[in-house]
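Accompanying notes for the structure given below.
Chain letters run A, B, ... following the sequence lines, proteins first, then strands; residues in each count from 1. Below, all heavy atoms of this structure are taken into account, side chains as well, without hydrogens, waters or symmetry copies.
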Amino acid sequence: MNLELKLEHYEGPLDLLLHLIEKNKVSITDIPIVKITDQYLEYINAISVGKMEIMSEFIEMAATLLAIKAKMLLPKPKIESEEEVDPRQELMEQLLEYKKYKIISERLREYSESAAKNVFKEPSIPVEVLNYVEPVNPEEILAKLDFDKLYQVFQMVMKRKADKIDPIRSQFSEIPREVVSLEDKMQSILALKSRRHLSFLELLSEQSSKPAMVVTFLAILELMKTGEIRVEQSNLFEDIRITFN
Amino acid sequence: MQIEEVTAIVEALLFSMGEAIALEKLAEVVEIDKSTLKKIMEQMQEKYEQDHRGIRLISLEGAYQLCTKPEYYEYIRRMTNKAKSYELTDVLIETLSIIAYKQPITKTHIEAIRGVKSDHAVNKLIEYGLVEEKGRLDGPGKPIVFGTTEVFLRYFGLSSPEELPVLEDKILEQIQKETENELQMKLEEIL
Amino acid sequence: MQIEEVTAIVEALLFSMGEAIALEKLAEVVEIDKSTLKKIMEQMQEKYEQDHRGIRLISLEGAYQLCTKPEYYEYIRRMTNKAKSYELTDVLIETLSIIAYKQPITKTHIEAIRGVKSDHAVNKLIEYGLVEEKGRLDGPGKPIVFGTTEVFLRYFGLSSPEELPVLEDKILEQIQKETENELQMKLEEIL
C-alpha cells in the first residue's frame, strides 16, 4: 500500500482523523483516543521521511494525539475538581468545526452543479452603438474660448511669422528656395575661427531655415571628423561648446 | 414612461451587455427612480418564469443579469460542446466554504480550521475570481482578510451571501444521530 | 413537445450562442422537423415584436439570431458611453484664429503661417463644427479653402467673417513701412 500517496489524498491531519473516526464508526464527541492514536501513528510511520512539507502538519497532530493519550492514561487525581476538562475537548471542537465545513462543501458542490446550468451571454453591443460618435456641440466648445484671446493669438502668430520671414523678400509672393551647401556652411563656420569658441545653440539660432540648421549640424560633424574643431558638453541637454583647434 | 417601455429597455440593456448590471446604473440610464424600477424588475422576473421563455432574470446583490433557464441546459450542451469553465477540487471548495462563512477571514484563521497550510488554495481561488482581498485586519501585523466575490455568488447560483445554506442545526443533528447510534450499539453489546 | 417548450428552448439556445444559428441546426438539437420549427420561429418573431420586448428575432438566410431592437440603441449608448470632452488646445486656438481672420484660406497657407503641418488641427476643428470647407480656390490644383462655420459666427454675435476685427492689416502695414524705411536708410547710406 502506497501510504504516501494515501496521505496526500487526505487534505490534512484533520481530514485523516475524520476518516479514521468514520472507519471505526466512533463519535467525534467521544473519540477512543488510544485506538485512533495508534491507527493514526500507523499511517504516519508507514510514510517515507522525504515528504517533509506535507509531513510536518501530520506529525504535529501525532504529537497532540500522544499528549492527549498520555493525559487520559495518567491516574486521575484523587480529588476530582468539579469542572474536569476532557483532554480531548479542544481536538473535538476542532474536528467538529472542520466537519461542519466538510458538510457545507458538499452542499456547495450541489449548488454549483445546478448553477452551472445558468448559461450567460457574451456582450453583444450593436455595431451601430460601437461605431457611434457623439455629436459635437460647437457652442459648448466655444464657451471655453475667449474671443479676445482668439484675437491675441492671431496677432501673436502673425507677429511670429513676420519676425521669421525676411520682410523684403516677403513682398514678393514667393519665397525662393534656399540653397545651402555643406561646403559653404563649413567655410562659414571656419570663418568664425577668430572667436575661438562658438555656442552650438547660438549657431543654430542664427540659421534662417530648417535646411540651414540641418546643414550646419552636418558641417559641425564634418569639421569634427577632419579635426578642425572639438565639441564639449558639460551636462545633458546643455549647450555644446565648439572650440577651434 | 410606460412600464412596457421600461421593460423593453431593460431587456435590451441586459441582453446586449451580457453582464450583471446594478439597479442604480439601470435606473440612471433609463431615467427612472430606483424603487419604481425595482418593482418593474420584480414583475419582469415573474414574466420570465413563464413557460414559453428560455431565459430568466436573476439578481445578484442588487444587480441583474439574464441567463438561460437550467432546464434547457441539456440543449445548450448539445449545441456546443462547451465544457464547464473549471471544476473546483475538494480542497478548493472546502477552503472556499470556510471563506464564505467566516468572511472577512485571515489566512491564518483558514489554516487553523483546515489544519493545513492554505496558500495554494487561497491563491487558486483568487485566480478564479471567487475570492478577493477585503482589506486588512486592524491587529498585529495587519493581516490581509479575504472574502467572496460576485463571481462566487454566480458560481453557486446565490443572489446574496445570505442565501448560503444554514447548516448549523443539520450538522448538530447529524452528529447527534451518530452519537446515538453509537450508544445504541454499545447498549446492544452490553445486553 | 409543446410549442411553448420549443419556443423556450430556442430562446435559450439563441441567447446562449449569441450568433446566428441555422434552422437545420436548431431543428436537429430540439429534435423537431424543420417545417414545424420554421412556423414556430415565425410565431416567435411576431411575439418579440411586442412592445415590452427589448430584443427581437431576426432571420438571415435560413439562420436565426436574437438582437437588440434598434429603438433602444440610445440606451445602450448611454450605458457604454465614455463621456468625451472636447478640448481646445493651444494648437487648435492658433489654427482657428488664422482661419477666422484669413478666411477663406487654404491648408497650405495655414501651414505657411504656422510653419508646421496643420492637417490634424484643421480636421479637429472641422469635427468640432467650428470650421468648414468653403469651396475651392480657382488656381493650380484647385485647393480647398476653409472658413469658420455659421455656428462660430453666431456664437460671437457676428453676421459675417468681415465683422471680425481687422487689425492685422495695420500690423502688416506697419511692418512693411518699417522695412521700407530701413531699406531707404540703407540706400541712403550707400548712396
Side-chain angles (χ1 to χ4, degrees), chain B residues 1-32 37 40-41 43-44 46-58 63-82, chain C residues 1-32 37 40-41 43-44 46-58 63-81 83:
Chain B
M1 199 185 281
Q2 295 281 317
I3 292 183
E4 297 224 317
E5 199 184 349
V6 174
T7 306
I9 296 168
V10 169
E11 186 178 60
L13 285 169
L14 294 176
F15 177 85
S16 69
M17 302 311 285
E19 61 203 14
I21 306 174
L23 181 71
E24 286 77 19
K25 185 72 187 165
L26 284 170
E28 184 195 316
V29 168
V30 185
E31 290 174 338
I32 184 174
L37 183 60
I40 295 175
M41 301 293 290
Q43 270 184 33
M44 284 178 75
E46 269 172 47
K47 267 198 183 162
Y48 279 112
E49 291 308 322
Q50 288 174 350
D51 285 345
H52 69 282
R53 301 303 311 260
I55 51 179
R56 63 196 187 113
L57 179 57
I58 59 165
Y64 293 87
Q65 187 166 18
L66 288 175
C67 70
T68 58
K69 286 186 183 168
E71 50 262 53
Y72 306 121
Y73 181 66
E74 181 51 30
Y75 293 96
I76 297 168
R77 261 207 26 216
R78 275 190 219 168
M79 177 134 295
T80 52
N81 298 309
K82 229 197 270 176
Chain C
M1 201 185 281
Q2 295 280 318
I3 293 182
E4 298 223 316
E5 200 184 348
V6 175
T7 306
I9 296 168
V10 169
E11 185 177 59
L13 286 170
L14 293 175
F15 175 86
S16 64
M17 296 300 128
E19 61 206 17
I21 305 173
L23 182 70
E24 286 77 20
K25 183 74 186 167
L26 284 170
E28 183 196 318
V29 169
V30 185
E31 290 173 339
I32 185 174
L37 183 60
I40 296 175
M41 300 293 289
Q43 270 185 34
M44 284 177 74
E46 269 172 50
K47 267 198 186 165
Y48 278 112
E49 290 309 320
Q50 289 174 347
D51 284 346
H52 69 281
R53 301 304 310 262
I55 50 182
R56 63 196 185 118
L57 179 58
I58 55 165
Y64 292 86
Q65 184 171 13
L66 285 177
C67 62
T68 333
K69 285 187 184 169
E71 52 260 54
Y72 305 120
Y73 283 1
E74 169 59 22
Y75 294 93
I76 303 169
R77 231 173 257 152
R78 279 190 213 166
M79 176 121 321
T80 53
N81 186 35

*Using non-hydrogen atoms only, which part of Lys25(C) is less than 4.5 Å away from chain B: side chain, backbone, both, or neither?*
both

*asked:* Less than 4.5 Å to any heavy atom of chain C: does that hold for the side chain of Lys69(B), its backbone, both, or neither?
replied: neither

*Could you give the distance from CZ (Phe15(B)) to CZ (Arg56(C)), rounded to the nearest 0.5 Å?*
11.0 Å

*With a 4.0 Å cut-off, would you call Arg53(C) and Glu4(B) a salt bridge?*
no

_Heavy-atom pairs under 4.5 Å with chain B: which of Val29(C), Val30(C), Thr7(C) has the most?_
Val29(C)

_Value rounded to 0.5 Å, distance of OH in Tyr73(B) from OG in Ser16(C)_ = 10.5 Å

_Salt bridge flag under 4.0 Å for residues Arg78(C) and Glu28(B)_ = no

*Given that the side chain runs from C-beta out, which part of Met17(B) has a heavy atom under 4.5 Å from chain C: side chain, backbone, both or neither?*
side chain

*Considering residues, nucleotides and ligands other than Ile3(B), do more than 12 of their heavy atoms fall under 6.0 Å from its CD1?*
no

*Nearest-0.5 Å distance, CE of residue Met79(B) to CG of residue Leu26(C)*: 5.0 Å

*Rounded to the nearest 0.5 Å, what separation is found between the OG1 atom of Thr68(C) and the CD1 atom of Ile9(B)?*
12.5 Å

*Counting only heavy atoms not in Gln2(C), do more than 12 sit closer than 6.0 Å to its CD atom?*
no

*Specify the closest pair of heavy atoms between Gly54(C) and Ala12(B), including all atoms of both residues, with the distance to one decimal.*
O-CB, 3.5 Å

*Using non-hydrogen atoms and a 4.5 Å limit, figure out which bit of Leu14(B) sits close to chain C: side chain, backbone, both or neither.*
neither

*asked:* Are Met44(B) and His52(C) packed together at the side-chain level, in the sense that at least one heavy-atom pair is separated by less than 4.5 angstrom?
replied: no

_Max heavy-atom pair count under 4.5 Å with chain B, selected residue of Leu66(C), Ile55(C), Ile76(C), Ile21(C)_ = Ile55(C)

